[in-house]
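Written below as structure tokens is the structure these notes are about.
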Amino acid sequence: MKLEMIAILQKTGKHAEKIPLFEKKKESIKKGLERHAIVKNEKGERKIVHGWGDRLSHKVCSFEDCDKENRDGLTSNAFWVLSGALQWDSTLKEEILKAYDRLDSKYGLKTFEPYFPKTNTKVGRIMRLPKGTAENGATYIHATLFGILSLFEMGESKRAWEQIEKILPFTHESISTTPFIMSNSYLYNEERGFDGESMSDWFTGSGCVLIKAIVWEVFGVRPDLSGLKICPANYFPMKTASIRLRVRNTNLTIEYEKEGNGERQFTVNGEKREGIFDEEKKTLGIYFTDEELSHGDVFVKIRE
């Protein structure tokens, strides 16, 4: 949010005197997170914690949680990436991917692993949920999709697609809710006989986040305050894909085709456009200024 406010103030030129305040707040948050949100064990391994108790009495999802468990959390890792914090220290990417490996399951990335037992009274109401249900050690799909967004942002597109396949209801042999609606979560607890059931549907925003993943990450459509960046994922499981949408009062069409030449090439309205390498997403993209977009419809063809 601080970065967005700084960009808005710089773009508009209004209330520019507030920029130093937001810069100061940004640095304060950065120092606080680096100091308290990253923990290290005796082997030098690191984790991004989910949160902490009063006066740092315990750290949730650390190497030694408040119930002495070595626990991982999904959303803290996902939002570290999505907020841009990974740019502070890119070596944390390896630790985040290791956490995702530990959180992975039959039905996708779990919100927490291991679950919180009833005896853990320091983490709020989550301990009231049975093991392997909703947020408590199950695949809670809204959170899983934030993990998927972060995988795309780190250039791990193949892993992201593997996770998308796990959470789509029509890829499951059987489900307990509406087959064409994104479910709330997928339960898994062999002791209680849970194996892929969904607690609810029609009551979740995960469908919207899936659409964001397709638009923002798969096709890489990202408007900013000065124009439009298009940086599609560095891996597509299909041979062809396309999307049509309206951006900045411009009709935008993007078509992707896998030809097997191993090199991504762009054409814009039939003319070749050189790509710009994106260090985070590990692939080529292109950029349009607002002035370019004002000239009419834009047709982007991507071949690789």
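Because the structure is a prediction, the values reported are computed rather than measured.
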Exercise. Which pair of heavy atoms, one from R46 and one from E95, lies closest together, and at what distance?
Worked result: O-OE1, 3.5 Å
Exercise. Could you give the distance from NZ (K18) to CD1 (I6), rounded to the nearest 0.5 Å?
Worked result: 13.5 Å
For this session: With the side chain counted from C-beta on, respond yes when D104 and Q163 share a heavy-atom pair under 4.5 Å apart, and no when they do not.
Result: yes
For this session: Could you check if a side-chain atom of K59 sits within less than 4.5 angstrom of a side-chain atom of H36, using non-hydrogen atoms only?
Result: yes
For this session: Look at atom CH2 of W202 and say whether more than 12 heavy atoms of other residues, nucleotides or ligands are closer to it than 6.0 Å.
Result: no
Problem set entry | K301, NZ: over 12 other non-hydrogen atoms inside 6.0 angstrom | yes
Problem set entry | Option passing side-chain contact (heavy atoms from CB on, under 4.5 Å) with F22 (candidates M5, E27, E4) | M5
Exercise. Do N184 and T177 touch side chain to side chain, with heavy atoms closer than 4.5 Å?
Worked result: no
Exercise. How close do P114 and R71 get, heavy atom to heavy atom, and via which atoms?
Worked result: O-NE, 2.8 Å
Exercise. Are K166 and E162 ion-paired here, with the side-chain N under 4.0 Å from a carboxylate O?
Worked result: no
Exercise. Are K258 and Y235 in a cation-pi setup, meaning NZ or CZ lies under 6.0 angstrom from the ring centre and within 45 degrees of the ring axis?
Worked result: yes
For this session: Could you walk me through whether K281 and N234 pass the side chain to side chain contact (heavy atoms under 4.5 Å, CB included) test, one step at a time?
Result: CA-CA 7 Å; K281 299 184 78 172; N234 61 16; 5.8 Å; no
Exercise. Would C66 and V123 count as a side chain to side chain contact (heavy atoms under 4.5 Å, CB included) if you check the C-alpha gap in whole Å, the side-chain angles of each, and the deciding distance to 0.1 Å?
Worked result: CA-CA 9 Å; C66 50; V123 290; 4.0 Å; yes
Seminar exercise, completed: I302 and P232 have their tightest heavy-atom pair at CD1-CG, 3.4 Å
Exercise. Is a salt bridge present between R248 and D290, judged by a nitrogen-to-oxygen distance below 4.0 Å?
Worked result: yes
Exercise. If you measure from NE2 on H50 to CG on D65, what distance do you get to the nearest 0.5 Å?
Worked result: 10.0 Å
Exercise. Are any non-hydrogen side-chain atoms of Y100 and M154 less than 4.5 angstrom apart?
Worked result: yes
Exercise. Between the side chains of T91 and D89, is a donor N or O closer than 3.5 angstrom to an acceptor N or O?
Worked result: yes
Seminar exercise, completed: Rounding to 0.5 Å, atoms CE (M238) and CD (E257) come to a distance of 13.5 Å
Exercise. Salt bridge between R102 and E113, side-chain N to carboxylate O under 4.0 Å?
Worked result: no
Exercise. How about L74 and Y140: do any of their side-chain heavy atoms sit closer than 4.5 Å?
Worked result: no
Exercise. Under 4.5 Å between any side-chain heavy atoms of V215 and L245, yes or no?
Worked result: yes
For this session: Take atom CD of E271 as the centre, draw a 6.0 Å sphere, and report whether it contains more than 12 heavy atoms from other residues, nucleotides or ligands.
Result: no
For this session: Could you tell me whether D195 and K106 have a side-chain N and a carboxylate O separated by less than 4.0 Å?
Result: yes
Exercise. Does the side chain of I214 come within less than 4.5 Å of F219's, by heavy atoms?
Worked result: yes
For this session: Report, as yes or no, whether the 6.0 Å neighbourhood of atom CD on E17 holds more than 12 heavy atoms from other residues, nucleotides or ligands.
Result: yes
Problem set entry | Heavy-atom pair with the smallest gap, counting every atom of N136 and M127 | ND2-CA, 4.4 Å
Exercise. Below 4.0 angstrom, N of the basic side chain to O of the carboxylate: do R273 and E292 qualify?
Worked result: yes
For this session: Give a yes or no on whether K30 atom NZ has more than 12 heavy-atom contacts from other residues, nucleotides or ligands under 6.0 Å away.
Result: yes
For this session: Please step through side chain to side chain contact (heavy atoms under 4.5 Å, CB included) for the pair T133 and S185, ending with a clear verdict.
Result: CA-CA 8 Å; T133 66; S185 57; over 6 Å; no
Problem set entry | Aromatic plane relationship, F79 with F146 - under 30° parallel, 30 to 60° tilted, over 60° perpendicular | tilted
Exercise. Out of R159, K282, R222, which residue meets the salt bridge (Lys or Arg N to Asp or Glu O under 4.0 Å) rule with E153?
Worked result: R222
For this session: List the atom of E255, the atom of S242, and the distance in Å for their closest heavy-atom pair.
Result: CG-CB, 3.9 Å
For this session: Take D201 and I175 through the side chain to side chain contact (heavy atoms under 4.5 Å, CB included) test and state the conclusion after the steps.
Result: CA-CA 11 Å; D201 57 6; I175 57 172; over 6 Å; no
For this session: Quick one: sort the Y107 and Y186 rings into parallel, tilted or perpendicular, breaks at 30° and 60°.
Result: tilted
Exercise. What's the shortest heavy-atom distance between K93 and L86, and which atoms?
Worked result: N-CD1, 3.6 Å
Exercise. Does CZ in R128 sit with more than 12 non-hydrogen atoms of other residues, nucleotides or ligands closer than 6.0 Å?
Worked result: no
Exercise. Salt-bridged, E23 to K26, with N to O below 4.0 Å?
Worked result: yes
